[in-house]
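This report refers to the structure that appears directly beneath it.
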Amino acid sequence: METVMKNVMRKFVKSTLTAAVLAAALGAGTAQASGDTPHPPQQKWSFSGMFGTFDRAAAQRGFQVYREVCAGCHSLKQIDFRHLAGIGYNEAQIKAFSATAEVTDGPNDAGEMFTRPGTPADGLPKPFPNDKAAAASNNGKAPPDLSLMVKARKGGADYVYALLTGYTAPPAGATVPEGGNYNTYFPGHVIAMAPPLSDDAVEYQDGTKATVAQMAKDISTFLAWTAEPELEARKSMGLKVLVFLIILTGLLFRVKKVIWKDVH
């Protein structure tokens with residue numbers, strides 16, 4: 001029995017050491033691959049903090065940037081037109097946005113598919129019919145869906161903003177393969193996506209100057225909303241629960257004092 005236990009312990013220790021060595025090797029490889037990528041600078045966002053809310057004007061400008069710049073390659077599968085009420089659009093505006101979309105529907109009574117104008121219940125149009133078509137149009141790799149991008153990337157909105165403003169000429173000694181672009185904040189620094197933003201790429205409806213930094217801030221705000229449209233409701237509920245717990249604690253303390261007032 002003692003021999004069996006010793007053999008089991010040897011195997012356990014050996015497997016543990018092997019796992020530790022593999023983990024260390026993988027960790028070193030990851031650190032080497034991304035260790036020279038700087039952290040994105042922290043920006044001031046209206047939605048940060050316990051009392052933060054989305055800047056509706058910025059989010060609407062971000063939606064305009066998405067429609068005019070990003071929608072040709074990137075989808076927003078989690079967002080329907082009706083959801084745009086969450087960033088301040090009214091019913092008439094949402095109906096106008098959705099009516100510009102061409103939606104494939106059916107089959108009809110003849111068993112055929114047909115197209116119709118979109119409605120608020122429809123999702124935002126996809127730039128490609130499927131992932132393979134998207135990949136075929138983009139050098140073999142489909143552009144990612146942006147619905148949850150802010151939550152999917154470390155750094156969140158700070159990373160998205162830094163990426164969009166981080167395109168620059170490669171430093172001396174850096175090599176960028178054909179079809180690639182140098183970006184300070186992209187892991188490895190070489191990104192296939194060309195700089196999507198340029199000054200005055202859009203004409204903001206509210207008259208805001210469309211600089212690269214402004215558009216990057218606005219689209220980052222909009223994508224923060226698409227990733228977490230329930231953020232304001234969650235914060236509001238959290239504050240209500242916190243106030244309730246404070247009041248409940250006070251009441252319980254008072255009840256305790258009353259019940260135990262005669263006990264010394």
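These figures come from a predicted structure and were not determined experimentally.
Residues passing the ring pair (Phe, Tyr, Trp, His ring centres under 6.0 Å) test with His189 are Tyr182, sequence neighbours excluded. Gln43 meets the side chain to side chain donor-acceptor pair (under 3.5 Å) test with no other residue; sequence neighbours excluded. Evaluation of the salt bridge (Lys or Arg N to Asp or Glu O under 4.0 Å) rule for Arg67 yields no partner, not counting sequence neighbours. Under the side chain to side chain donor-acceptor pair (under 3.5 Å) criterion, Arg82 pairs with Asp80, not counting sequence neighbours. With sequence neighbours left out, Tyr204 forms a side chain to side chain donor-acceptor pair (under 3.5 Å) with Asp218. Residues passing the side-chain contact (heavy atoms from CB on, under 4.5 Å) test with Ala194, sequence neighbours excluded: Asn181. Under the ring pair (Phe, Tyr, Trp, His ring centres under 6.0 Å) criterion, Phe186 pairs with no residue, sequence neighbours left out. Annotation: side chain to side chain donor-acceptor pair (under 3.5 Å) contacts of Asp55 (sequence neighbours excluded): none. Partners of Glu91 according to the salt bridge (Lys or Arg N to Asp or Glu O under 4.0 Å) rule, which considers only residues two or more places apart in sequence or in another chain, are Lys95.
One hydrophobic cluster holds both Val255 and Trp260 under the rule that ILVMFWY side chains link at heavy-atom gaps under 4.5 Å. In this structure, Met149 is a member of the same hydrophobic cluster as Val69, with clusters built from ILVMFWY side-chain heavy atoms closer than 4.5 Å. Each of Leu124 and Phe128 belongs to its own hydrophobic cluster when Ile, Leu, Val, Met, Phe, Trp and Tyr are linked at side-chain heavy-atom distances under 4.5 angstrom.
The shortest heavy-atom contact between Pro125 and Ala101 is CG-CB, 3.7 Å. Nearest approach of Val160 to Ser220, heavy atoms of both residues: CG1-OG, 3.5 Å.
Residues Ser75 and Pro127 are in side-chain contact: their nearest non-hydrogen atoms beyond the backbone lie under 4.5 Å apart. A heavy-atom distance below 4.5 Å is found between the side chains of Leu76 and Leu223. Residues Tyr185 and Pro41 meet the side-chain proximity criterion, which asks for heavy atoms closer than 4.5 Å. Counting only heavy atoms from C-beta outward, the side chains of Pro177 and Val190 approach each other to under 4.5 Å. Using a 4.5 Å cut-off on side-chain heavy atoms (C-beta onward), Thr211 and Met215 make no contact.
Although no hydrogens or angles enter the test, the distance criterion places no donor-acceptor pair under 3.5 Å between the side chain of Ser198 and the main chain of Ala201. Between the side chain of Gln93 and the backbone N or O of Asn90 there is at least one donor-acceptor pair closer than 3.5 Å. Although no hydrogens or angles enter the test, the distance criterion places a donor-acceptor pair under 3.5 Å between the side chain of His74 and the main chain of Pro144. Side chain of Thr100 to backbone of Phe97: a donor-acceptor contact under 3.5 angstrom is found. Judged by distance alone, the side chain of Asn138 and the main-chain N or O of Ala142 form no donor-acceptor pair under 3.5 Å. The main-chain N or O of Ile87 is found under 3.5 Å from a side-chain atom of Gln60 such that the two form a donor-acceptor pair.
For the pair Asp199 and Lys209, the salt-bridge criterion is not met [side-chain N within less than 4.0 Å of a carboxylate O].
No hydrogens or angles considered: a donor-acceptor pair under 3.5 Å links the side chains of Glu68 and Gln64. For the residue pair Asp122 and Ser98, no side-chain donor N or O sits within less than 3.5 Å of a side-chain acceptor on the partner.
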**Request:** Show your working on side-chain contact (heavy atoms from CB on, under 4.5 Å) between Val65 and Leu197 and close with a plain yes or no.
**Result:** CA-CA 9 Å; Val65 174; Leu197 302 178; 4.0 Å; yes

**Prompt:** What's the verdict on side-chain contact (heavy atoms from CB on, under 4.5 Å) for Val150 and Tyr159, showing C-alpha distance, side-chain angles and the deciding distance?
**Reply:** CA-CA 8 Å; Val150 166; Tyr159 172 77; over 6 Å; no

**Request:** Apply salt bridge (charged side-chain N to carboxylate O under 4.0 Å, His left out) to the pair Lys77 and Asp145, showing each step before the final yes or no.
**Result:** CA-CA 7 Å; Lys77 296 178 182 178; Asp145 180 81; 5.3 Å; no

**Prompt:** Between Phe63 and Phe222, is a ring pair (Phe, Tyr, Trp, His ring centres under 6.0 Å) present by the stated rule, with each step listed?
**Reply:** CA-CA 6 Å; Phe63 175 56; Phe222 174 66; 5.5 Å; yes

**Asked** What do the steps show when you test Phe253 against Thr249 for side-chain contact (heavy atoms from CB on, under 4.5 Å), and what is the final call?
**Response** CA-CA 6 Å; Phe253 181 76; Thr249 300; 5.5 Å; no

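Taking Ile, Leu, Val, Met, Phe, Trp and Tyr as hydrophobic and joining them when side-chain heavy atoms fall under 4.5 Å apart, one finds Leu251 in a cluster with Val243, Ile247.
Looking at Ile219, Asp206, Thr221 one by one, the single match for side-chain contact (heavy atoms from CB on, under 4.5 Å) with Arg61 turns out to be Asp206.
With ring centers used as reference points, Phe54 lies under 6.0 Å from Phe47.
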Distance-only donor-acceptor hits, side chain of residues 162-176, under 3.5 Å, sequence neighbours excluded:
| unit_1 | atom_1 | unit_2 | atom_2 | d |
| --- | --- | --- | --- | --- |
| Thr165 | OG1 | Tyr161 | O | 2.8 |
| Thr165 | OG1 | Ala162 | O | 3.4 |
| Tyr167 | OH | Met193 | O | 2.9 |

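Residue pairs meeting the salt bridge (charged side-chain N to carboxylate O under 4.0 Å, His left out) criterion with at least one member in residues 229-241, sequence neighbours excluded: Arg56-Glu232, Glu228-Arg234.
The CE atom of Met113 sits 6.5 Å away from the OG1 atom of Thr104 when rounded to the nearest 0.5 Å.
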